[in-house]
Amino acid sequence: MASSLTCAGVVWAFLSFLCAAASCVGFFMPYWLLGSQLEKSVSFGTFRRCSYPVRDESLQMTVMVEECGRYASFQAIPSAEWRICTVVTGLGCGLLLLVALTALMGCCVSELISRTVGRVAGAIQFLGGLLIGSGCALYPLGWDSEEVRQTCGNLSNQFELGTCHIGWAYYCTGGGAAGAMLLCTWLACFSGKKQKQYPY
C-alpha cells in the first residue's frame, strides 16, 4: 500500500485522530459540569444533561429523574452562551474530524497529501482547535443560568462554580483542541511528501 505521508506525517495522522476523538467524545458527553440537586448527582454538557427534577403529582413533591439526554430543543439549552458554545465547539470538532480522517486516508492513498495540502490541513486544524477553545472559554458564562444555580447550591455565577466542579469531559475536549492546535498543526507542515514532477 502506497502512502503519501512522511514518517512525521504518519505520526501527524495518528495524533490528529487521537485529538479529534478526544474532542468529539468530550463534546458529546454530558460531564462538563458536575454538581448535585436533591441529594442526587447532576451533570451538564453543552447540549446534554444527566438527572433533572420533575414534579410528581402523586407524591406532591419534586423528584429527580436519573437519566441522561439532550435538551428537548436548541432553545431549551439553559443559556445563550451554552447555545453559542454548542455551535462553535461542534463546528470545531467537525473540522478536526474531517482533517483526521483525511490524514488517515493519506496513510493508504499515494499522492493524497502533498506538502501544500498538509499545510492547509494544519491551518484547518488550528482553526478547529481555536473554535473548540472558544467554546470552552464561553462555557463558564452560562453558569449563572437558573438550572446551574439550582445544582450548584445557588452560589454559581459567571466563572464562579459555587458547589459544583469541572468534569472530565471539559478537560478532554479542551485537551484535544490544545493538542490539535499546538502539536498537530506543527506536524502537518512536515506531513506530505514532495510531489513527483511528471514531464509532459
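Treat the numbers as computed from the prediction; the structure is a model and nothing was measured.
Between the side chains of Gln125 and Trp186, no donor-acceptor pair of N or O atoms lies under 3.5 Å.
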Could you please spell out the steps behind the side-chain contact (heavy atoms from CB on, under 4.5 Å) verdict for Phe44 and Leu34?
-> CA-CA 7 Å; Phe44 295 95; Leu34 309 173; over 6 Å; no
Test Trp168 against Tyr31 for side-chain contact (heavy atoms from CB on, under 4.5 Å), laying out the working first.
-> CA-CA 6 Å; Trp168 65 267; Tyr31 303 108; 3.7 Å; yes
Take Ile132 and Phe27 through the test side-chain contact (heavy atoms from CB on, under 4.5 Å) and record every step on the way to the result.
-> CA-CA 9 Å; Ile132 295 169; Phe27 172 60; over 6 Å; no
Verdict with reasoning, Phe74 to Phe47, per ring pair (Phe, Tyr, Trp, His ring centres under 6.0 Å) | CA-CA 8 Å; Phe74 187 70; Phe47 65 98; 9.6 Å; no
Please lay out, stage by stage, how Arg49 and Arg70 fare under the test side-chain contact (heavy atoms from CB on, under 4.5 Å).
-> CA-CA 6 Å; Arg49 171 184 181 151; Arg70 292 186 325 258; over 6 Å; no
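Contact record, Pro53 with Gln37: CG-NE2, 3.7 Å, taken as the closest heavy-atom pair. Of all heavy-atom pairs between Gly118 and Ser191, the closest is CA-OG, 3.6 Å. When every heavy atom of Leu33 is checked against every heavy atom of Cys164, the shortest pair comes out as CD1-CB, 3.9 Å. Between Asp144 and Asn157, the closest heavy-atom pair is CB-OD1, 3.4 Å. Here the closest heavy-atom approach between residue Leu5 and residue Cys107 is recorded as CD1-SG, 3.5 Å.
In terms of modelled atom types and a separation under 3.5 Å, the side chain of Thr185 and the main chain of Leu182 share no donor-acceptor contact. Proximity of a side-chain donor or acceptor of Ser43 to a complementary backbone N or O of Pro30 within less than 3.5 Å is detected. Thr62 places no side-chain N or O within 3.5 Å of a backbone atom of Arg55 that could act as its donor or acceptor partner. Side chain of Trp82 to main chain of Tyr139: a donor-acceptor pair is present (N/O by atom type, distance under 3.5 Å, no hydrogens or angles). Of the possible polar contacts, one joining the Gln60 side chain to the Glu57 backbone as a donor-acceptor pair under 3.5 Å is found. Side chain of Ser156 to main chain of Cys152: no donor-acceptor pair is present (N/O by atom type, distance under 3.5 Å, no hydrogens or angles). Listed for the Ser23 side chain is a donor-acceptor partner under 3.5 Å among the backbone atoms of Ala177.
Leu161 CG to Thr151 OG1: the interatomic distance, rounded to the nearest 0.5 Å, is 12.0 Å. Taken to the nearest 0.5 Å, the CG atom of Leu138 stands 11.0 Å off from the OG1 atom of Thr46. Between the OG1 atom of Thr86 and the OH atom of Tyr71 there is a distance of 9.5 Å, given to the nearest 0.5 Å. Residue Arg119 holds its CZ atom at 8.0 Å from CZ of Phe190, rounded to the nearest 0.5 Å. Atom CG in Leu141 sits 9.0 Å away from atom CD1 in Ile84 (nearest 0.5 Å). Atom-to-atom distance recorded for Ser79:OG and Gln158:CD is 8.5 Å, nearest 0.5 angstrom.
If you chain together hydrophobic residues whose side chains sit under 4.5 Å apart, Trp12 and Val117 fall into the same group. When the side chains of ILVMFWY residues are joined at heavy-atom separations under 4.5 Å, either directly or via intervening members, Val120 and Leu98 end up in two distinct hydrophobic clusters. The hydrophobic cluster containing Leu91 does not contain Phe126, counting ILVMFWY residues as joined when their side-chain heavy atoms lie under 4.5 angstrom apart, directly or transitively. Taking hydrophobic clusters as Ile, Leu, Val, Met, Phe, Trp and Tyr residues chained together by side-chain heavy-atom distances below 4.5 Å, Leu15 shares a cluster with Leu127. By the criterion of side-chain heavy atoms lying less than 4.5 angstrom apart, applied directly or through intervening Ile, Leu, Val, Met, Phe, Trp or Tyr residues, Met29 is not grouped with Leu96; the two fall into different hydrophobic clusters.
Residues Tyr52 and Glu67 form a side-chain contact, since some pair of their non-hydrogen atoms from C-beta on lies under 4.5 Å apart. Counting only heavy atoms from C-beta outward, the side chains of Leu155 and Glu160 never approach each other to under 4.5 Å. You'll find the side chain of Ile166 stays beyond 4.5 Å of the side chain of Trp32, heavy atoms only.
Between Cys85 and Cys136, the two SG sulfurs stay at or beyond 2.5 Å from each other. For a disulfide, the SG atoms of both cysteines must be under 2.5 angstrom apart; this fails for Cys184 and Cys19.
Within the cation-pi definition used here (under 6.0 Å to the ring centroid, within 45° of the axis), Arg48 qualifies as a partner of Phe28.
Scored by the side chain to side chain contact (heavy atoms under 4.5 Å, CB included) test, Ser51 finds Val42, Met64, Glu66 as partners (sequence neighbours excluded). By the salt bridge (charged side-chain N to carboxylate O under 4.0 Å, His left out) test, Arg83 is found to be paired with no residue, residues two or more places apart in sequence or in another chain being considered.
In Phe14, the CZ atom is not crowded: 12 or fewer heavy atoms of neighbouring residues, nucleotides or ligands sit closer than 6.0 Å.
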